[in-house]
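Here is the structure we will look at.
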Amino acid sequence: MKTAFITGANIGQANLITKALAGQGWKVFAGVLPGAPTDLKTGGNIVVVDQDVSKTESVRASAEIVTQALNGQGLDLLMNVAGVANVGVGVVEGADLAAVERLFNINMFGQLRVIQAFLPLLRRNAPGSRIANYSSGAIIANPVGAGAYNMTKHAIHGMTLTLRHELAPLGIQVTSIIPGGVLTAMSANSHANTLKTWGEQPADIQRVYEPLKGVMCQVLPDMLEKTGSTPEQALEGTLEILAKKKWKPMELLGKDVKPMGVMRRLFSDSQLESLMRMTFKIPTLKA
């Protein structure tokens, strides 16, 4: 029986992946934020484990629980899915530094904590064990108003690239899964949420960046609704990635992000940047 640990499994994509792998015969340890609502229960092939990725002691305790449950065996797969996107939002100049620090603590340092705590279990099943770190299509598109989130996801991918070198001699594969937009209950309110974000920025910042309001509050939400994947499509794509024998440094997930991957290979950085500005209708100051 293959074994996996999946973070952030109380809801969303991690929840769906947990159920899908368990249905395929995997023994899945599902990391769930203590007290968070979830439909997961320990039973069958699923073991629910309390884990707050923003707290080192919580992550270490969860790793100890899994170690004891495996009784000398190891993990075949670690999926770092847990993260948030609605913290530290807005243009970079107006970003709340305390909120940005919290975002990094959850998204970036959360994944680092989990990797450090669970690598001994992955080494037990090497060669052949794997780590999938969830980054984001934002690292290709670099959307305005999401600078802090984008920074955390770039940092995650940077960690992945280094881990690929460090763990290659051990036979452990690592990839960054790069999802695009997924049409969930949260994204259903994207227009209202972006307007709220815009209104929460300081008044002087709103005045300076007024030309970007339409991009943040209209263009980007429109694109999400038009090109985003359904949760079922995202799950299907994830399972296809997990079935691959050899992972690339970056595995693209979603019908909106895959074309950007093609453009990334075909065009220079400057050309891709110009295409993104045209796509997002970002105004450029004329000399």
Side-chain angles (χ1 to χ4, degrees), residues 83-104 106-108 134-158 176 178-229 250 252-287:
V84 295
N86 58 347
V87 177
V89 289
V91 297
V92 171
E93 186 179 355
D96 182 301
L97 292 181
V100 173
E101 289 177 358
R102 178 168 175 260
L103 187 67
F104 265 89
I106 297 171
N107 287 7
M108 172 59 217
Y134 266 61
S135 180
S136 171
I139 71 172
I140 302 175
N142 303 301
V144 299
Y149 175 80
N150 195 17
M151 285 185 277
T152 66
K153 296 302 184 176
H154 272 286
I156 287 167
H157 185 53
S176 288
I178 310 293
V182 180
L183 299 172
T184 63
M186 182 181 297
S187 62
N189 297 317
S190 57
H191 286 86
N193 289 338
T194 51
L195 278 171
K196 181 174 181 290
T197 295
W198 179 265
E200 290 174 348
Q201 295 182 116
D204 57 334
I205 293 294
Q206 291 185 43
R207 286 193 296 271
V208 171
Y209 292 96
E210 177 66 26
L212 293 178
K213 182 179 180 181
V215 179
M216 288 179 57
C217 302
Q218 191 66 47
V219 177
L220 292 173
D222 283 351
M223 291 185 66
L224 172 63
E225 292 181 357
K226 182 179 180 180
T227 64
S229 301
M250 180 184 290
L252 304 178
L253 173 63
K255 61 183 181 180
D256 55 348
V257 78
K258 285 186 176 181
M260 290 192 289
V262 174
M263 291 187 291
R264 184 169 168 267
R265 293 194 300 270
L266 294 177
F267 301 115
S268 69
D269 288 346
S270 295
Q271 290 171 326
L272 181 58
E273 180 183 70
S274 296
L275 284 170
M276 290 296 104
R277 288 186 183 177
M278 290 172 57
T279 300
F280 297 142
K281 301 178 182 179
I282 297 175
T284 301
L285 182 67
K286 305 287 185 183

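- Closest of all the heavy-atom pairs between Lys255 and Gly228 is CE-O, 3.2 Å.
- Each of Val92, Val219, Val215, Val91 was compared with Val144 under the side-chain contact (heavy atoms from CB on, under 4.5 Å) criterion, and only Val215 meets it.
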Point to revise | Check against side-chain contact (heavy atoms from CB on, under 4.5 Å), Met260 and Thr279 | key: CA-CA 11 Å; Met260 290 192 289; Thr279 300; over 6 Å; no
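- Closest approach of Leu224 to Ser190, counting heavy atoms only: CD2-CB, 4.0 Å.
- Taking all atoms of both residues into account, the shortest heavy-atom contact from Asn150 to Ala138 is OD1-O, 3.1 Å.
- Inter-residue side-chain proximity for Ile282 and Leu212 is flagged as met; some heavy-atom pair is nearer than 4.5 Å.
- For the pair Gly90 and Thr197, the tightest heavy-atom approach, listed with the atom from each and the gap, is N-CG2, 4.0 Å.
- Closest approach of Trp198 and Tyr209 over heavy atoms only: CH2-O, 3.1 Å.
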Point to revise | Candidate pair Ile139 and Met250, rule side-chain contact (heavy atoms from CB on, under 4.5 Å), full reasoning | key: CA-CA 11 Å; Ile139 71 172; Met250 180 184 290; 3.8 Å; yes
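- Inter-residue side-chain proximity for Val84 and Leu103 is flagged as met; some heavy-atom pair is nearer than 4.5 Å.
- Residues Ile156 and Tyr134 form no side-chain contact, since every pair of their non-hydrogen atoms from C-beta on lies 4.5 Å or further apart.
- Atom CG of Asp269 has 12 or fewer neighbouring heavy atoms from other residues, nucleotides or ligands inside a 6.0 Å radius.
- Taking the side chain as every heavy atom from C-beta outward, Asn107 and Lys153 approach each other to under 4.5 Å.
- Within the 4.5 Å cutoff, side-chain heavy atoms of Val262 are placed close to those of Leu266.
- Across all non-hydrogen atoms, the minimal contact from Lys213 to Leu195 is CE-CD2, 4.3 Å.
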Review point. Passes side-chain contact (heavy atoms from CB on, under 4.5 Å), Asn86 versus Asn193? Steps please.
Key: CA-CA 9 Å; Asn86 58 347; Asn193 289 338; over 6 Å; no
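- When side chains are defined from C-beta on, Met276 counts as touching Met263, because their heavy atoms get closer than 4.5 Å.
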Practice item. Decide yes or no on side-chain hydrogen bond (donor to acceptor under 3.5 Å, both in side chains) for His157 and Ser135, but give the supporting numbers first. Key: CA-CA 6 Å; His157 185 53; Ser135 180; 5.5 Å; no
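- A 4.5 Å side-chain heavy-atom check between His191 and Glu225 finds at least one atom pair inside the cut-off.
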